[in-house]
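The block underneath contains the structure these notes are about, expressed in structure tokens.
Quick caveat, the model's predicted, so the values are computed rather than measured. Each chain gets a letter, A, B and so on, in the order the sequences are listed, and its residues count up from 1.
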There are 2 protein chains.
Amino acid sequence: MRIPVQINESSAEPLYHQIETQLRSLIVTGQVAEGTLLPSIREFAADLKCSVITIRRVYQDLENEGLLRTRQGTGTFVTRVDTDDREEYKKQIVLEAVRSLLDAARSVGYSPEELKALVDETLRKEERK
Amino acid sequence: MRIPVQINESSAEPLYHQIETQLRSLIVTGQVAEGTLLPSIREFAADLKCSVITIRRVYQDLENEGLLRTRQGTGTFVTRVDTDDREEYKKQIVLEAVRSLLDAARSVGYSPEELKALVDETLRKEERK
DNA sequence: TAATGTGTGCTTATCAATATATACAGGAGC
DNA sequence: GCTCCTGTATATATTGATAAGCACACATTA
């Protein structure tokens with residue numbers, strides 16, 4: 001199974017953290033179902049063009065959070081998915097991004113109106129794709 | 001002069017990078033004017049509760065970009081401000097944030113309508129402050 | 001059932017980037 | 001001169017990222 005993770009080369013956010021955040025999101029939102037066998041660390045590393053160690057760290061961190069279960073010689077599986085706070089989690093993710101957008105806009109002195117216009121315009125462009 | 005830089009402790013973005021990005025933005029957008037004497041590295045470091053070295057790195061990087069000029073014993077000044085691409089720069093900053101918001105929304109399966117509603121709601125809340 | 005092949009994850013050794021504390025050195029002003 | 005402000009250099013710890021090889025699990029097959 002292929003896991004849709006996007007690496008942003010130019011970001012200052014550490015590689016392992018980008019992968020970890022996105023994979024966690026995929027699991028918690030249910031886009032990668034409970035019981036799923038994830039790609040092996042080698043396969044995933046080759047896919048993302050990074051080191052095996054980096055993937056291992058991601059799997060290990062998420063295992064410590066209780067989202068994954070790893071067995072040597074076998075692979076890494078998705079375990080628990082708490083569907084209760086799934087919607088809440090999703091909203092948090094988006095709200096976080098909205099807040100950082102507002103910060104950015106304020107930092108360069110964009111008014112709420114200008115910002116709203118820019119968001120609307122971008123949304124329209126996206127829909128046309 | 002006090003420089004309004006906000007450190008996000010919980011972010012994975014390196015400290016020096018957070019400071020650098022925000023200070024660059026303040027200079028390029030003209031919120032910190034050409035000729036301004038910035039706080040000394042010690043003063044700034046104390047303000048942000050970080051190491052002197054970290055501030056020095058920021059000043060040095062921005063000096064290499066041509067935005068600052070440093071003289072030992074005297075301090076660090078804002079030099080050039082290219083007002084030509086100021087508006088363009090501002091828009092880029094905001095657009096970048098809009099894009100990452102769209103990414104976040106898509107990654108958790110938020111529809112454009114839901115997203116727009118959330119943005120509007122947040123903007124309204126902000127205005128009431 | 002023992003041997004082996006090929007897939008897993010794991011360990012070690014290493015390097016680069018980030019961040020720090022502490023001590024050094026130059027300029028301004030009394 | 002001295003003193004007190006600047007930035008600068010050195011040495012060190014911590015974290016992020018890598019390569020190469022070790023160890024376990026399981027299926028195949030002699």
Side-chain angles (χ1 to χ4, degrees), chain A residues 1-3 5-24 27 32 35-79, chain B residues 1-3 5-24 27 32 35-79:
Chain A
M1 175 182 190
R2 174 143 198 310
I3 307 294
V5 167
Q6 286 291 332
I7 299 304
N8 182 354
E9 291 278 357
S10 61
S11 168
E13 185 185 357
L15 192 50
Y16 87 93
H17 199 271
Q18 292 188 39
I19 302 169
E20 205 172 295
T21 302
Q22 293 181 52
L23 182 53
R24 182 185 301 110
I27 294 170
V32 174
T36 302
L37 172 62
L38 292 178
S40 77
I41 57 176
R42 270 165 254 262
E43 195 180 342
F44 208 169
D47 179 20
L48 299 181
K49 293 172 184 35
C50 74
S51 157
V52 172
I53 316 287
T54 302
I55 302 298
R56 184 167 118 71
R57 171 165 184 182
V58 171
Y59 280 2
Q60 203 161 262
D61 286 354
L62 294 182
E63 178 164 21
N64 290 338
E65 291 179 20
L67 293 174
L68 299 181
R69 178 61 197 279
T70 271
R71 276 197 302 256
Q72 186 166 345
T74 307
T76 301
F77 300 84
V78 176
T79 56
Chain B
M1 175 180 191
R2 179 150 193 306
I3 306 294
V5 166
Q6 285 292 332
I7 299 304
N8 182 353
E9 292 278 357
S10 62
S11 167
E13 185 185 357
L15 192 50
Y16 86 93
H17 199 271
Q18 292 188 39
I19 303 169
E20 204 172 296
T21 302
Q22 293 181 52
L23 182 53
R24 183 186 300 111
I27 294 170
V32 174
T36 303
L37 173 61
L38 293 179
S40 77
I41 57 176
R42 270 165 251 262
E43 196 181 333
F44 208 170
D47 180 22
L48 298 181
K49 293 171 183 38
C50 74
S51 158
V52 171
I53 316 288
T54 302
I55 302 298
R56 183 165 120 70
R57 170 165 185 183
V58 170
Y59 281 3
Q60 203 161 260
D61 286 354
L62 294 181
E63 179 164 19
N64 289 338
E65 291 178 22
L67 293 175
L68 298 182
R69 178 63 197 281
T70 272
R71 276 197 303 259
Q72 186 166 349
T74 308
T76 301
F77 300 83
V78 176
T79 57

A correct 5'-to-3' footprint of nucleotides 3-18 of chain C, with B, S and - meaning base, sugar-phosphate only and no protein heavy atom under 4.0 Å, is ----BBBSB------S
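Computed from coordinates, the A:Lys49 NZ to D:dA17 P distance equals 17 Å when rounded to whole Å. Nucleotide C:dT20 holds its C1' atom 15 Å from the CG atom of B:Leu48, rounded to whole Å. At whole-Å resolution of the value, CD1 in B:Ile55 and P in C:dA21 are 12 Å apart.
The cationic group of A:Arg69 does not satisfy the cation-pi geometry with A:Phe77, failing either the under 6.0 Å distance to the six-membered ring centre or the 45° limit from the ring axis.
For the pair A:Thr36 (side chain) and A:Leu38 (backbone), a donor-acceptor distance under 3.5 Å is absent. Proximity of a side-chain donor or acceptor of B:Gln18 to a complementary backbone N or O of B:Asn8 within less than 3.5 Å is detected. The backbone N or O of A:Cys50 sits nowhere less than 3.5 Å from a side-chain atom of A:Thr54 that would complete a donor-acceptor pair. Between the side chain of A:Gln22 and the main chain of A:Gln6, a donor-acceptor pair closer than 3.5 Å is present.
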